[in-house]
Amino acid sequence: MTGVRTTFIRATFAALDRSGANRALRSRAQGLGAVLTLHHVRPWSGNGFAPNRLLEITPEFLDLTLTRARALGFDFVSLDEAWRRVTTGVSYRPFLHLAFDDGYRDVRDHALPILERHGAPATLYVTSRFAGHTGEIWWLALEEAISRARRVYVDLGRGDAVLDTGSNAAKQAAWNAIYWRLRSGPYDTLLNEVRRLGDEQKVDPLSFARELCMSWEELRTVSRHPLVAIGAHTVSHPILAKLDDAKAREEMAEGRDAIQRELGLEASHFAYPVGDRSAAGPRDYAIAAELGFTTAVTTRPGHLTKAHAATATALPRVSLNGHFQTPAAIDALLSGTPFLGLRALRRR
């Protein structure tokens, strides 16, 4: 996320708060309820170069979010109950469900005690190779490679280039150039280029899953918690839209089957890795339906309404983003006000 866009969104949240728009528009914007997207919950490291900061919030912010949601009248419900309310079109109070992607250990250590305090159910969408500590978390490997380097050599489409990475600002500029270039190309190219950059800086691509993700044994314990459900999140966390039909189906089915083998649980809910419009589309939604998932969630922003009963495998979520950890952001996201404009644009 660029600095200009981050500044604009922060200003929008603040303006919605000051103007009273969240309160005024809540009845039109809120829908039946929302599913939140989260990844890491942990104390902030304070790193000056942190391109993946959007994927983490502090425990204090999670606590504040749930406290505010309760004050605004939200019911904290399981995903099955949320889906029941969507399919019936009836929710006397707005509902909220928390969904944590990837299976990070800090969710157990920092988020779960907060969920217990508030009585808030959650779904942990597990990537099976991350749980087996054999998967590559490529966006963290790329961050680490750039963090260690003084300069990097890359092809950004105009031949080999040398990018300065000697300061935090230079590292962020290099990240923006490399990350979005790789995201726009073939998935194999992305993985190979991240591996190459990592090799140059002696980055172990498997170290991040080992250090950050719960093992199957840890997940067995967590899955027995009354507030926790386990969902599927593929085998290796690929960008599904970049895979052929057979490989996409294999990633989705095998990720679910691994959960059945390792945990003895039927994962009836699914989350698309990355999950935006460039990462998952109608073909992937159809595969999720063919595989029998009850729901599948994207990261496209929005609250849930009765209309979503017809699109069970293409559901929106609301992201708790590490760049926007303010009370104004909480009230805007829970009201649904920022998404009114998005709905209007899509109708054009």
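Hydrogens, waters and symmetry mates are skipped; everything else that's a heavy atom, side chains included, is used.
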Original post:
Leu112 and side-chain contact (heavy atoms from CB on, under 4.5 Å): which partner among Val41, Leu124, Val107, Val228?
Top reply: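 Exactly one pass, corresponding to Val228.
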Original post:
Under the side chain to side chain contact (heavy atoms under 4.5 Å, CB included) test, which residues partner Ala149, sequence neighbours left out?
Top reply: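 Val152, Thr165, Gln201.
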Subject >> Counterpart residues, side chain to side chain contact (heavy atoms under 4.5 Å, CB included), relative to Arg85 (two or more places apart) >> reply: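 Partners of Arg85 under the side chain to side chain contact (heavy atoms under 4.5 Å, CB included) test: Asp75, Val77, Glu81, Ser91, Phe95.
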Heavy-atom distance under 4.5 Å between the side chains of [X] and [Y], does that happen here?
X      : Y      : result
Asp102 : His39  : yes
Ile259 : Ser128 : no
Pro316 : Thr299 : no

In terms of hydrophobic clusters joined by side-chain contacts under 4.5 Å, are [X] and [Y] together?
X      : Y      : value
Leu304 : Leu25  : no
Val235 : Met252 : no
Leu55  : Val194 : yes
Val203 : Leu206 : no
Leu197 : Ile137 : yes

Is the backbone N or O of [Y] less than 3.5 Å from a side-chain atom of [X], with the two atoms forming a donor-acceptor pair by type?
X      : Y      : answer
Lys171 : Phe49  : no
Thr123 : Ala99  : no
Glu251 : Ser236 : yes
Arg105 : Glu211 : yes
Glu218 : Ser215 : yes
Thr67  : Asp63  : yes
His233 : Ala271 : yes
Glu254 : Thr234 : no
His308 : Thr305 : yes
Ser19  : Ala21  : yes

What is the minimum heavy-atom distance between [X] and [Y], and which atoms define it?
X      : Y      : result
Ser223 : Leu265 : CB-CD1, 3.7 Å
Arg183 : Ser278 : NH2-OG, 2.9 Å
Ala232 : Gly255 : CB-C, 4.5 Å
Leu64  : Pro327 : CD2-CG, 4.2 Å
Val318 : Ala34  : CG2-CB, 4.0 Å
Pro273 : Leu240 : CD-CD1, 4.0 Å

Subject >> Hydrophobic cluster (4.5 angstrom, side-chain heavy atoms) - remaining members for Tyr92 >> reply: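 When side chains under 4.5 Å apart are linked, the cluster holding Tyr92 also contains Val90.
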Under the side-chain hydrogen bond (donor to acceptor under 3.5 Å, both in side chains) test, which residues partner [X], sequence neighbours left out?
X      : result
Arg148 : Glu144
Arg68  : Asp331
Asp101 : Arg317
Asn47  : Ser45

Subject >> Other residues, nucleotides, ligands: >12 heavy atoms within 6.0 Å of Arg151 CZ >> reply: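 At most 12 heavy atoms, drawn from other residues, nucleotides or ligands, come within 6.0 Å of this atom.
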Subject >> Exceeds 12 heavy-atom contacts within 6.0 angstrom, atom CZ of Arg117 >> reply: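 Counting neighbours around CZ of Arg117, more than 12 heavy atoms of other residues, nucleotides or ligands fall under 6.0 Å, so yes.
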When rounded to the nearest 0.5 angstrom, what is the spacing between [atom1] in [X] and [atom2] in [Y]?
X      : Y      : atom1 : atom2 : result
Ser319 : Leu333 : OG    : CG    : 8.0 Å
Leu62  : Ile114 : CG    : CD1   : 4.5 Å
Thr189 : Asp155 : OG1   : CG    : 10.5 Å
Leu72  : Leu96  : CG    : CG    : 10.5 Å
Leu66  : Leu115 : CG    : CG    : 6.5 Å
Asn22  : Gln30  : CG    : CD    : 10.5 Å

Original post:
Distance only, no hydrogens: is a donor on one side chain within 3.5 Å (strictly under) of an acceptor on the other, for Asn52 and Glu56?
Top reply: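 No, because no side-chain N or O of Asn52 sits under 3.5 Å from a partner of the opposite role on Glu56.
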Original post:
Under the salt bridge (charged side-chain N to carboxylate O under 4.0 Å, His left out) test, which residues partner Arg283, sequence neighbours left out?
Top reply: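 Only Asp245 meet the salt bridge (charged side-chain N to carboxylate O under 4.0 Å, His left out) criterion with Arg283.
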Original post:
Who passes salt bridge (charged side-chain N to carboxylate O under 4.0 Å, His left out) against Arg210, sequence neighbours left out?
Top reply: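 Asp204.
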Original post:
Between Thr298 and Leu315, does a side chain to side chain contact (heavy atoms under 4.5 Å, CB included) hold up when you go through it step by step?
Top reply: CA-CA 6 Å; Thr298 68; Leu315 300 179; 5.9 Å; no
Subject >> Test log, rule side chain to side chain contact (heavy atoms under 4.5 Å, CB included), inputs Thr221 and Arg224 >> reply: CA-CA 6 Å; Thr221 300; Arg224 291 194 286 269; 3.7 Å; yes
Residue pairs passing the ring-ring contact (aromatic ring centres under 6.0 Å, His included) test where at least one lies in [range], sequence neighbours excluded:
range            : value
residues 61-87   : none
residues 241-290 : Phe270-Tyr272, Phe270-Phe293, Tyr272-Tyr285
residues 118-166 : Phe130-His237, Trp138-Tyr179, Trp139-His237

Original post:
Taking the six-membered ring of Trp44, is NZ or CZ of Arg53 closer than 6.0 Å to its centre and within 45° of its axis?
Top reply: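 Flagged: Arg53 positioned over aromatic ring of Trp44.
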Original post:
Does the pair Arg220/Glu262 count as a salt bridge with the N-to-O cut at 4.0 Å?
Top reply: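 Looking at Glu262 together with Arg220, the answer is yes, because their closest N to O distance falls below 4.0 Å.
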Original post:
When you look at Tyr104 and Asp106, which way does the side-chain hydrogen bond (donor to acceptor under 3.5 Å, both in side chains) test go after all the steps?
Top reply: CA-CA 5 Å; Tyr104 297 111; Asp106 54 61; over 6 Å; no
Subject >> Test log, rule ring-ring contact (aromatic ring centres under 6.0 Å, His included), inputs His303 and Phe339 >> reply: CA-CA 8 Å; His303 283 218; Phe339 314 125; 5.8 Å; yes
